[in-house]
2 protein chains.
Amino acid sequence: MRDFSRSLPMSLLRAREAVMRQFRPKLREQGLTEQQWRILRALAAIEAAEVTELARTAFLLGPSLSRILRDLEARNLIERKTAKADQRRSMVSISKEGVKLMASVAPSSEAIYAEITRRFGARKLAELQEMLGELEQSLAGLGAGDEASAEE
Amino acid sequence: MRDFSRSLPMSLLRAREAVMRQFRPKLREQGLTEQQWRILRALAAIEAAEVTELARTAFLLGPSLSRILRDLEARNLIERKTAKADQRRSMVSISKEGVKLMASVAPSSEAIYAEITRRFGARKLAELQEMLGELEQSLAGLGAGDEASAEE
DNA sequence: GGGATATACTTAACATGTTAAGTGAATGCG
DNA sequence: CGCATTCACTTAACATGTTAAGTATATCCC
């Protein structure tokens with residue numbers, strides 16, 4: 001069998017970990033996890049979003065997001081209100097405190113990203129992202145193996 | 001701030017998820033998680049390994065590995081014995097049952113990997129892996145921000 | 001209108017990720 | 001030798017990943 005440590009999943013995992021390791025300490029100083037930071041960033045870019053939309057944007061599964069939103073709300077970093085038209089949906093937005101917190105972390109975050117870009121090379125970084133996007137596209141629709149054309 | 005959904009960490013995360021989504025269903029059929037599968041594969045390639053060595057190979061943190069080994073041992077998929085020379089160390093190896101289980105999953109796993117390779121392109125896959133390795137190298141030694149040259 | 005279905009979450013249960021603390025066995029060294 | 005330190009794990013505690021089940025509201029459609 002292939003040497004699994006050279007497999008694509010492991011390469012992706014190690015690369016991502018090498019990158020995230022740069023960011024985690026600064027986030028941790030502010031008591032934020034990587035996922036919480038993703039949510040705040042996603043919310044900062046828009047007025048408000050539904051939970052499902054936010055899950056798609058921040059690439060989190062519903063249950064994880066539910067828990068994280070509960071916690072972020074308790075910390076007053078986000079706000080929620082149920083939509084008027086459809087009581088099932090709730091609109092989530094970042095709070096003033098949330099914006100302040102983001103402002104305190106964003107500079108470090110940007111600096112780290114810049115350093116990573118400098119080390120790896122801006123052009124190569126763009127190429128890598130392009131390839132990653134293509135990989136994702138190649139596998140889109142190949143699904144989880146339990147939809148169309150099931151064999152049993 | 002950058003559109004975070006186009007950031008390198010998100011690109012890596014989405015790409016890896018797109019890949020892993022192909023494998024998880026088959027593993028699940030055998031009651032294996034992705035991490036358990038990594039450990040079995042790592043062990044299958046060698047006679048025996050110390051826990052620390054296995055952690056490095058399977059890219060798992062010690063505490064995760066401790067729990068997983070406990071569970072795999074309970075399922076008789078692996079075996080452990082403490083080293084004679086150093087009672088702190090324990091040597092882990094795959095069991096006969098473990099080998100059998102691997103044999104039952106490996107063909108599907110290989111087929112899925114082949115399909116991914118076919119879709120994305122073998123050459124591009126090699127290039128991608130090369131770039132991922134370089135990225136990892138670029139960031140090696142840039143550490144977690146709390147070793148040499150701490151600023152405070 | 002109203003019951004079946006679908007939708008938008010939330011909860012539950014179990015596995016792993018992550019950091020800190022604990023445990024027992026080796027090592028360093030005065 | 002003996003005691004402090006280091007080492008190789010393991011446990012603990014809390015957050016997220018993942019799948020299944022639950023809940024409340026909307027929508028379909030006869």
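Atom set for the values below is all heavy atoms of this structure, side chains included, hydrogens, waters and symmetry mates excluded. Letters A, B, ... mirror the listed sequences (proteins, then strands); counts begin at 1.
Between B/Arg119 and B/Glu115 a salt bridge is recorded (basic side-chain N to carboxylate O distance below 4.0 Å). A salt bridge links B/Arg24 with B/Glu17; the closest basic N to acidic carboxylate O contact falls under 4.0 Å.
A/Ser109 places no side-chain N or O within donor-acceptor distance of the main-chain N or O of A/Val105, the cut-off being under 3.5 Å. The closest donor-acceptor contact from the side chain of B/Gln30 to the backbone of B/Lys26 lies at 3.5 Å or more, if one exists at all. Of the possible polar contacts, none joining the A/Ser5 side chain to the B/Thr57 backbone as a donor-acceptor pair under 3.5 Å is found.
Per the geometry, CG belonging to A/Asp86 stands 12 Å off C1' belonging to C/dA6, to the nearest Å. The nearest whole Å value for the distance from the CZ atom in A/Arg70 to the C1' atom in C/dT10 is 10 Å.
Of the residues in residues 44-52 of chain A, those placing a heavy atom less than 4.0 Å from an atom of DNA chain C are A/Glu50, A/Val51, A/Thr52, in numerical order. For the segment residues 54-69 of chain A, the set of residues with a heavy atom within less than 4.0 Å of an atom of DNA chain C comprises A/Pro63, A/Ser66, A/Arg67, in numerical order.
Note that CG of A/Leu60 and OG of A/Ser66 are 11.0 Å apart. Values are rounded to the nearest 0.5 Å. Note: A/Thr117 OG1 to A/Lys124 NZ = 12.5 Å, rounded to the nearest 0.5 Å.
Of all nucleotides in DNA chain D having an atom under 4.0 Å from a heavy atom of chain A, the first and last in 5' to 3' order are D/dA15 to D/dA26.
Nearest heavy atoms, B/Ala58 versus B/Arg38: O-NE, 2.8 Å. Looking at every heavy atom in both residues, A/Ser90 comes nearest to A/Arg80 through OG-CD, 3.9 Å.
At a threshold of 4.5 Å between non-hydrogen side-chain atoms, the residues B/Gln36 and B/Arg75 count as touching.
Put simply, B/Arg88 has no side-chain N or O that comes within less than 4.0 Å of OP1 or OP2 on C/dG24.
Residues A/Ala83 and A/Asp71 each lie close to DNA chain D; by heavy-atom proximity, the contact nearer the 5' end of the strand is made by A/Asp71.
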